[in-house]
Amino acid sequence: INHNLYKYEGFWYHQGFWFHSNASFSIEVIMALQDEFQAQPSNVFLASHPKSGTTWLKALAFAIVNRAMLKNSTDSNTVHPLLTTSSHECVPFMETQSFLNNPYHANDLIATHLPYSLLPKSIISSNCRIVYICRNPKDVFISFWHFMDKLRDNLSPPIKLEDAFELFSRGVSPNGSCWDHVVGYRKASLERPDQVLFLFYEEMKKDPKNEVRKLAKFIGYPFSEEEDVDEEVEKIIELCSFEKLSKANKDAEETPKVIPNDVLFRKGEVGDSINYLTMEMVEILDKITLEKYDGLDISF
Ligand code: A3P
């Protein structure tokens, strides 16, 4: 499950090129980015620990920024073709080789799984905006376990929940520890709320209208407060809903997928981890969460 992970500056990474040539989250790429990546003040970074709702955040931000184009969509019941590719192509990950070849990326929206402390320095100094999405670590873990299990090749045995748990709870997972990842961005958002917006997956599920408005305002594409604009906000929420996005991506067969559709979209619910974790596992994860997030005003 987490073979060949190495600790680099306090977080766990693969060495060499893992996954896919366009999505190689590896120490080599991260190190090169530190020196070579030049952020532009107009960039908006969408940051997350894996399995925290990255794809959803990317789609929402993309839909907000491009809403004029989406509005012209002829059939409001189908997802605009632009959104079907937004998860990977339209909002690329910074930790990819393409960024090394082209540090001045044309798109202002850039996703990253890098922890705050490993972001290229130009991101902090250029004062561009960062949006972070955080999710209950129990749900992150279960989502991650399913994800890794679905990605395994047919020759490997299924990943045991207990084995995955043992590593995850010790912080050993790609880009982990999950808790330290959150803490870095949370502290930054408390210190510099103008630069870092901290969102919760659970809040987005509970009150998407409010959260989408908050996101739009922060990234420089605010909705007006008028009532009739509510409809526009609702349309974006609907376009980026789990049901629509998972279906849209399935429909876009012509786009080769870095990660298959059913792996990227599983359930999209809050609290599903309770169906898998033992009481003891829940206690352990809750204890770590309480300790790590102490004083940071994070609760689930
Ligand atoms: P589950 O495995 O719990 O279903 P990431 O995009 O960071 O990899 O996170 C993946 C998780 O977000 C998965 O959680 C996935 O189903 C969920 N997800 C994807 N799209 C979503 C959406 N539009 N709304 C809510 N959850 C979504």
Side-chain angles (χ1 to χ4, degrees), residues 19-20 23 25 45-64 70 79-80 82-96 109-115 131-151 159 161 164 168 173-176 178 181-182 185 198-209 211-212 215 233-252 257-277 285 300:
F19 216 10
H20 186 275
F25 302 96
F45 291 87
L46 306 176
S48 61
H49 181 275
K51 314 324 293 169
S52 302
T54 322
T55 314
W56 190 17
L57 176 64
K58 285 165 81 172
L60 283 169
F62 185 83
I64 289 167
L70 297 171
V79 175
H80 192 282
L82 276 174
L83 263 183
T84 64
T85 55
S86 69
S87 64
H88 286 292
E89 288 83 1
C90 294
V91 185
F93 273 101
M94 187 171 59
E95 306 84 300
T96 60
L109 293 175
I110 301 171
T112 183
H113 282 319
L114 282 182
V131 180
Y132 188 77
I133 182 162
C134 163
R135 188 183 190 191
N136 189 324
K138 287 181 287 193
D139 288 344
V140 169
F141 167 61
I142 288 302
S143 183
F144 176 66
W145 172 59
H146 281 286
F147 179 78
M148 294 306 282
D149 197 52
K150 282 186 190 161
L151 280 185
I159 297 169
L161 182 71
F168 187 87
S173 62
N175 287 283
C178 161
H181 201 281
V182 169
Y185 282 95
F198 196 92
L199 298 175
F200 289 90
Y201 181 95
E202 291 76 10
E203 278 301 311
M204 283 168 52
K205 290 286 289 187
K206 201 162 80 188
D207 190 357
K209 249 201 263 183
E211 299 306 290
V212 164
L215 171 64
V233 180
E234 271 161 13
K235 191 179 167 196
I236 283 180
I237 293 165
E238 171 68 9
L239 274 176
C240 301
S241 66
F242 179 87
E243 293 68 27
K244 277 271 164 77
L245 276 192
S246 50
K247 186 174 179 309
N249 275 266
K250 204 181 235 159
D251 290 346
K257 294 294 179 310
V258 177
I259 301 171
N261 199 63
D262 64 326
V263 177
L264 212 49
F265 301 94
R266 192 182 64 91
K267 274 193 175 173
E269 286 171 7
V270 172
D272 182 51
S273 53
I274 208 70
N275 299 315
Y276 298 91
L277 298 171
L285 293 184
F300 299 101

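For the numbers below, each heavy atom of this structure counts, side chains included, while hydrogens, waters and symmetry mates do not. Counting starts at 1 for both ligands and their atoms, in listed order.
- In terms of protein heavy-atom proximity, atom 8 (O) of ligand 1 is nearest to Lys51 NZ, 2.7 Å.
- In this structure, the protein non-hydrogen atom closest to atom 23 (N) of ligand 1 is Cys240 O, 2.9 Å.
- Counting all heavy atoms, side chain and backbone alike, Gly271 lies closest to Asp139 at N-OD2, 2.7 Å.
- Distance check, rounded to the nearest 0.5 Å: NZ of Lys138 to OG of Ser143 gives 15.0 Å.
- Within the 4.0 Å heavy-atom cutoff, His146 does not count among the residues contacting ligand 1.
- Closest to atom 14 (O) of ligand 1 by heavy atom, among Arg135, Glu269, Met204, is Arg135.
- For Trp145 and Phe168, the gap between ring centers reaches or exceeds 6.0 Å.
- Under the 4.0 angstrom criterion for non-hydrogen atoms, Lys244 is not in contact with ligand 1.
- With hydrogens and angles disregarded, no donor-acceptor distance shorter than 3.5 Å links the side chain of Asn175 to the backbone of His49.
- Annotation: His49 places no N or O atom under 3.5 Å from an N or O atom of ligand 1; distance criterion only.
- The Phe265 neighbourhood of ligand 1 comprises atoms 16 (O), 19 (C), 20 (N), with distances under 4.0 Å to a heavy atom of that residue.
- Of all protein heavy atoms, the one lying nearest to atom 16 (O) of ligand 1 is Arg266 N, 3.0 Å.
- Residue contacts with ligand 1 include Leu264, since one of its heavy atoms falls under 4.0 Å from the ligand.
- Summary of contacts: the protein heavy atom closest to atom 7 (O) of ligand 1 is Thr54 OG1, 2.5 Å.
- Here's the thing with Ser48: none of its N/O atoms is less than 3.5 angstrom from an N/O atom of ligand 1.
- For Ser143, heavy-atom contacts with ligand 1 shorter than 4.0 Å involve the backbone as well as the side chain.
- Met94 has its side chain within reach of Phe45: a pair of non-hydrogen atoms, C-beta onward, lies under 4.5 Å apart.
- Note on ligand 1: Tyr201 sits in its first shell, one or more heavy atoms being nearer than 4.0 Å.
- For Asp272 and Arg266, the salt-bridge test passes: some basic side-chain N is under 4.0 Å from an acidic carboxylate O.
- Note that the CD1 atom of Ile142 and the CG atom of Leu277 stand 4.0 Å from one another [nearest 0.5 Å].
- Two rings, from His181 and Tyr132, have their centers less than 6.0 Å apart.
- Here the heavy atom of the protein found nearest to atom 18 (N) of ligand 1 is Phe242 CD1, 4.1 Å.
- In this structure the side chain of Leu60 reaches within 4.5 angstrom of the side chain of Leu215, judged on heavy atoms.
- Scanning all protein heavy atoms for the shortest distance to atom 6 (O) of ligand 1 gives Thr55 OG1, 2.6 Å.
- When only interatomic distances are considered, the shortest N/O to N/O separation between Gly268 and ligand 1 falls below 3.5 Å.
- The distance from ligand 1 to the heavy atoms of Ser241 drops below 4.0 Å at these ligand atoms: 23 (N).
- One finds a salt bridge joining Lys206 and Glu203 here, because a Lys/Arg side-chain nitrogen approaches an Asp/Glu carboxylate oxygen to under 4.0 Å.
- Heavy-atom proximity to Lys267, at under 4.0 Å, picks out these atoms of ligand 1: 4 (O), 16 (O).
- Between Pro174 and Pro50, the shortest heavy-atom contact is O-CG, 4.0 Å.
- The main-chain N or O of Ser48 is never found under 3.5 Å from a side-chain atom of Ser52 such that the two would form a donor-acceptor pair.
- Nearest to atom 22 (C) of ligand 1 among the protein's heavy atoms is Trp56 CG, 3.5 Å.
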